[in-house]
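Written below as structure tokens is the structure these notes are about.
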2 protein chains.
Amino acid sequence: MVTLEQVAARAGVSPSTVSRILNGTATVSELKRAAVDEAIRTLGFRPNPVARGLAGGRTMSIGVVTQRISSPFYGEALSGIEVELESAGYVPLFVSGNWNEADERKAIETLLSRRVDGVIVLAGRLDNRELEALSDSVPMVVVGRQVAGERLFSFSFDNRAGARLATEHLISLGHRRIALLLGDLIHDDAIDRQNGYFDALAAAGIPVEQELIVQSDYTEAGGMLSVSRLMERDVAFSAIFSSNDQMAYGAILGLARRNLRVPDDVSIVGFDDLIMSRYTMPPLSTVRHSVYETGAQAAGAMLSLLRGERPTVQLAAPELVLRESVRRAIR
Amino acid sequence: MVTLEQVAARAGVSPSTVSRILNGTATVSELKRAAVDEAIRTLGFRPNPVARGLAGGRTMSIGVVTQRISSPFYGEALSGIEVELESAGYVPLFVSGNWNEADERKAIETLLSRRVDGVIVLAGRLDNRELEALSDSVPMVVVGRQVAGERLFSFSFDNRAGARLATEHLISLGHRRIALLLGDLIHDDAIDRQNGYFDALAAAGIPVEQELIVQSDYTEAGGMLSVSRLMERDVAFSAIFSSNDQMAYGAILGLARRNLRVPDDVSIVGFDDLIMSRYTMPPLSTVRHSVYETGAQAAGAMLSLLRGERPTVQLAAPELVLRESVRRAIR
DNA sequence: TTGTACGCGTTATCAG
DNA sequence: CTGATAACGCGTACAA
């Protein structure tokens, strides 16, 4: 364990000078800087983040509240966050909220007690007021929500446009009775995706039928269950827009269980373009909006916040990925 | 920010006493203990892990080297680790090694500089010597490898038995020309799974044919490619044992691309029982060995190590999960 | 531009 | 059983 003090001794300067050079806190003469650089290198000195955290209040770690670390959706985002933070010397601290308000609150509590320099929240159940309050004590970036504050930045990709794209695609192929599989409506993105679906129907002059809409939970099991619900309602449909890929996977299986083939009997479009969607049978047509990129942008926004800048995010527009789960409606 | 010192003041005791109560370092009179407990509660005191880390050398955080944080396989394991560690007040620090020796080394470097109390390595490319050396400076648990040391514990689930189970199942249904999709052989688990396949063949008196074995990389894309390889070799087979589920997903698609149906034309068994395997078309028969549980056990082992105990792991035996990707061979 | 001295919140050592 | 006191390694006013 090489300490800053040892570096100072070897370079023949005071510890503060070393610290200054490390943090760029003040200008230092070239001579001493060279000596210190040399000492750092030969001694293999690495500043101790723990001590740094105590002294300077900065731990160089960013808390990330995810809902389920093992989710294929969030996993992608976490990857993006990790890579982006690493480039700036920060380390992410991942904690799971388990789609549960209490757990989420506890997760953030854990992060704060760990003195993270910032918190990134992916979706979640905490209400805006609580997030705003939290942002008084630590800068926050929230993904998939609409909140704002001095040190609170939020953004989403365009869920509504993406959902509209998917629905329009089905309509353009002649489908008029399009079922909608929805996520939990306490999430803004679920609502936005529903609105995109409404937009497309309205533009095509197709009336909304509540019977065709089933609310679920963004899981494969939920997608499968949704198909059951639809069948029980005994309502006709030739296509499904599943507002995320995971539910689409379950739906495909649910349909198969009832001897309905995709796309021959029912067309289906998903949302997210998870990696797995290339390998389902049939490969799933879906809306792409790099989740990885979203994570990276969230991390980037946090870094801006930390530098005292106003973050800006540049997210690519959602894009339709055509694969094989859709065909022209039979008339 | 309530500090230990404030708690001490309010309880009318010295900081040391509060610290002792917090850590159970020494016996304290009931009276003072009660006063301190009360003070802690009313003040809402939470010890500062950063300060703790500096003073006591323990950061209450465990480094976890995973290969790709967004992998469906590792994701499950990370979940198990997170939950198990949390119960003991530890926090995991996840870093990705990207299946790359240099990255992995750098990841561990990062963890050490963060002063983690222990390191859990999931598979990885570092050689045993290096891991042993590392374990001098920090207790380590390695999953999916065979290494040992004073403060170095490793374990794997029984890959060989699982692979044998899968292959035997295929054989029992009359398949004799069984292709094997392999992961990268620099990993012990890939070798073990291959050996399990050999075991089953040997027990049934079926000769090994190198032509039926294709080495790949545990990804969906790799599975798809493997099927192409097999077809190019122009070798007959009626079943595939894919040594992980992800390759099986790709293989199913690859077969479909050549108009081969699962299980009608080719039976296929996977390994890992990822959640997605229930929702593929058809649902995948596979070998279950709770990845989540493996992660939890790894974390548990680390906690034992930290308590100075010798870890023991109790992993359930791998188990065959029968779904719909397999049928009796046509003769 | 540089050094000194102190503080960050805890734990550990040593008296008592 | 309990309380001073000294670290832990670094950042930062303050002084020079």
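Any value given below was found using the heavy atoms of this structure, including those in side chains, with hydrogens, waters and symmetry copies removed. Chain identifiers are assigned alphabetically (A, B, ...) following the order of the sequence lines, protein sequences preceding nucleic acid strands; residue numbering begins at 1 within each chain. Model, not experiment: these values are computed from the prediction.
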Is there a donor-acceptor pair under 3.5 Å between the side chain of B:E104 and the backbone N or O of B:G124? no
Ignoring hydrogens and angles, tell me if any N or O in the side chain of A:R114 forms a donor-acceptor pair with the backbone of A:L112 under 3.5 Å. no
For A:E109, which residues count as a side chain to side chain contact (heavy atoms under 4.5 Å, CB included) partner, sequence neighbours excluded? B:R46
Nucleotide interval of DNA chain C bounded by contacts with chain B (heavy-atom cut-off, under 4.0 Å): C:dG9 to C:dT13
Does any N or O in the side chain of A:E309 come within less than 3.5 Å of the main-chain N or O of A:S304, such that one atom is a donor and the other an acceptor? no
Rounded to whole angstrom units, what separation is found between the CZ atom of A:R20 and the P atom of D:dT12? 10 Å
Show your working on salt bridge (Lys or Arg N to Asp or Glu O under 4.0 Å) between A:E38 and A:R41 and close with a plain yes or no. CA-CA 5 Å; A:E38 193 273 344; A:R41 217 160 327 102; over 6 Å; no
To the nearest angstrom, how far is B:M60 atom CE from D:dC8 atom P? 22 Å
Whole angstroms only, please: what is the CD-P distance between A:E5 and D:dC8? 9 Å
Sorted by position of nearest nucleotide on DNA chain D, 5' first, the leading residue of B:R115 and B:A26 is B:A26
May I ask you to say what B:R58 touches in the nucleic acid, namely base, sugar-phosphate or nothing, with a heavy-atom cut-off under 4.0 Å? nothing
Let me confirm one number: the CD-OG distance from B:E5 to B:S19, rounded to the nearest 0.5 Å. 12.5 Å
Strictly below 4.0 Å: does B:S14 bring a side-chain N or O up to OP1 or OP2 of D:dT2? no
Using a 4.0 Å heavy-atom cut-off, does A:P47 contact any base of the nucleic acid, only the sugar-phosphate backbone, or nothing at all? sugar-phosphate
Gap separating the CG atom of B:L4 from the OG atom of B:S14, nearest 0.5 angstrom: 9.0 Å
Taking only side-chain N and O atoms of A:N48, does any of them lie within less than 4.0 angstrom of OP1 or OP2 on D:dC8? no
How far does CG of B:L22 sit from OG1 of B:T17, to the nearest 0.5 angstrom? 11.5 Å
Expected list for residues 49-56 of chain B near DNA chain D, using heavy atoms below 4.0 Å, is B:L54, B:A55
Without swapping roles, check the side chain of A:N128 against the backbone of A:Q146 for a donor-acceptor pair under 3.5 Å. yes
Rounded interatomic separation in angstrom, taking CG from A:N23 and P from D:dA13: 12 Å
Find the distance A:L22:CG to D:dG9:P and express it as a whole number of Å. 15 Å
Across the strands shown, which category fits B:S16 at heavy-atom distances under 4.0 angstrom: base, sugar-phosphate, nothing? base
Answer with base, sugar-phosphate or nothing: what part of the nucleic acid does B:S29 contact at a heavy-atom distance below 4.0 Å? sugar-phosphate
